[in-house]
Amino acid sequence: MRFILSLAAMALLAACSADEQRADEREVAVVAEPVRMLADEDVVEAVGTARAARSAEIFPEVSGRVAAVRFSPGAFVRQSAVLVELDARAERLALKLAEVRVEEARQLLARYRRIEDTGALSDSQIEAGETALAAAQVERDQAALALSERTIRAPFGGHVSFTELDPGDRVTPATLVAQIDQRGRLYIDFNAPEAVFRRLRPGQSVEVVPFADPDRTISTTIEAVDSNIELEQRSYRARAVIDNSADRFRPGMSFAVRFADSGQLRPAVPEAAVMWTGDGSSIFAVRDGKAVRVPITIAARRDGLALLEADIAKGTSIIVEGVQKLREGQAVTLVKPPVREAATVEVAP
């Protein structure tokens with residue numbers, strides 16, 4: 001009896017093995033496509049602050065009382081335009097006195113020249129007259145400089161900020177008059193991580209997005225990078241530049257800065273082609289009409305694609321649909337993916 005049961009069990013096992021063999025030999029319809037090679041991207045994002053391409057804080061050269069404020073806050077002024085005038089009555093009088101002394105010294109020296117050949121004057125007297133004229137001219141130039149310092153002018157053309165000065169205020173060389181910005185171009189300064197120091201160089205393309213207008217993306221390039229790494233943050237400062245001739249942005253605004261650094265080429269497959277098992281992740285490649293399992297590691301994901309670390313050559317056919325029905329070494333039939341008709345959506349009135 002035991003012998004008969006053993007024969008029956010062996011027959012059942014043989015039948016199951018035969019069924020599995022026939023299942024393995026049965027071809028499965030799948031959709032495959034050649035693997036693509038895409039460059040891995042190292043995306044760096046940072047927050048940058050805008051500053052004018054040329055900016056200056058304006059302080060008086062001397063102390064004095066404000067006589068007039070000649071600019072409107074936020075207005076554009078040209079180079080050397082008068083911004084503030086200080087009381088200069090004493091300096092004007094000093095300049096007139098210095099000019100009178102120059103004229104006196106010049107007339108005296110002229111008289112000396114006319115009688116020089118008569119022998120009535122010594123050479124030392126002539127030299128004294130020349131020295132007196134030179135000294136008077138220096139005093140006149142000093143008086144003119146002191147008078148010019150009572151007028152505060154724009155060092156270059158640009159937009160001036162608000163001011164706290166009013167006529168009658170007292171100022172000193174430590175009093176801030178205003179700030180002037182030349183904002184036709186703006187620098188966007190931001191901190192980049194130390195890891196990308198060698199890859200983020202002048203000329204590198206970046207994208208900046210103003211916080212005040214998040215729907216606007218500006219493509220630009222890196223203007224300069226700092227030569228030192230900040231010890232505490234382990235980062236370094238980089239600078240992009242944007243055109244602001246339309247005057248849309250202001251110094252001090254915040255910008256999101258983004259740049260992608262292309263790395264090594266990697267095989268890219270649709271994420272649906274990746275299988276997960278207890279042994280890890282893998283995909284099925286088609287070789288000689290059969291499904292071959294290829295172990296992989298996903299290095300990155302991008303737009304529905306998985307970028308892989310795997311020994312896969314460019315153009316290798318990868319099964320992207322029907323992977324759930326496959327076994328290692330199973331025969332496959334390649335079919336075209338079904339064409340799905342667009343769904344019709346009715347909108348209720």
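Numbers for residues simply follow the sequence, beginning at 1. As a basis for the values below, the full set of heavy atoms in this structure was taken, side chains included, without hydrogen atoms, waters or symmetry mates.
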Are the side chain of [X] and the backbone N or O of [Y] linked by a donor-acceptor pair below 3.5 Å?
| X | Y | value |
| --- | --- | --- |
| Asn244 | Arg183 | yes |
| Arg250 | Asp247 | yes |
| Gln330 | Arg327 | yes |
| Arg150 | Asp87 | yes |
| Gln182 | Gly157 | yes |
| Thr316 | Ile312 | no |
| Asp213 | Pro210 | no |

Is [Y] reachable from [X] through a run of hydrophobic residues whose side-chain heavy atoms are each under 4.5 Å from the next?
| X | Y | answer |
| --- | --- | --- |
| Val332 | Val269 | no |
| Phe259 | Ile222 | yes |
| Val241 | Val208 | no |
| Val323 | Val286 | yes |
| Val44 | Ile218 | yes |

Distance-only donor-acceptor hits, side chain of residues 53-75, under 3.5 Å, sequence neighbours excluded:
| from | atom 1 | to | atom 2 | distance (Å) |
| --- | --- | --- | --- | --- |
| Ser55 | OG | Gln179 | NE2 | 3.3 |
| Ser55 | OG | Asp181 | OD1 | 2.6 |
| Arg70 | NH2 | Glu85 | OE1 | 3.3 |

Within 45° of the axis and under 6.0 Å from the centre of the six-membered ring of Tyr187, does NZ or CZ of Arg51 qualify? no
Closest contact, heavy atoms only, Gly329 versus Lys290: O-CD, 3.3 Å
Report the distance from atom CZ of Arg301 to atom CG of Leu308, rounding to the nearest 0.5 Å. 9.5 Å
Inter-residue atom distance Arg36.CZ - Leu38.CG, 0.5 Å rounding: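 Answer for the CZ-CG pair, Arg36 versus Leu38, is 5.5 Å.
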So, Arg293 and Ser282: side-chain donor and acceptor under 3.5 Å apart, yes or no?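 Indeed, the side chains of Arg293 and Ser282 share at least one donor-acceptor pair under 3.5 Å.
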Show the numbers, then the answer: is there a ring pair (Phe, Tyr, Trp, His ring centres under 6.0 Å) between Phe255 and Phe190? CA-CA 9 Å; Phe255 289 76; Phe190 63 97; over 10 Å; no
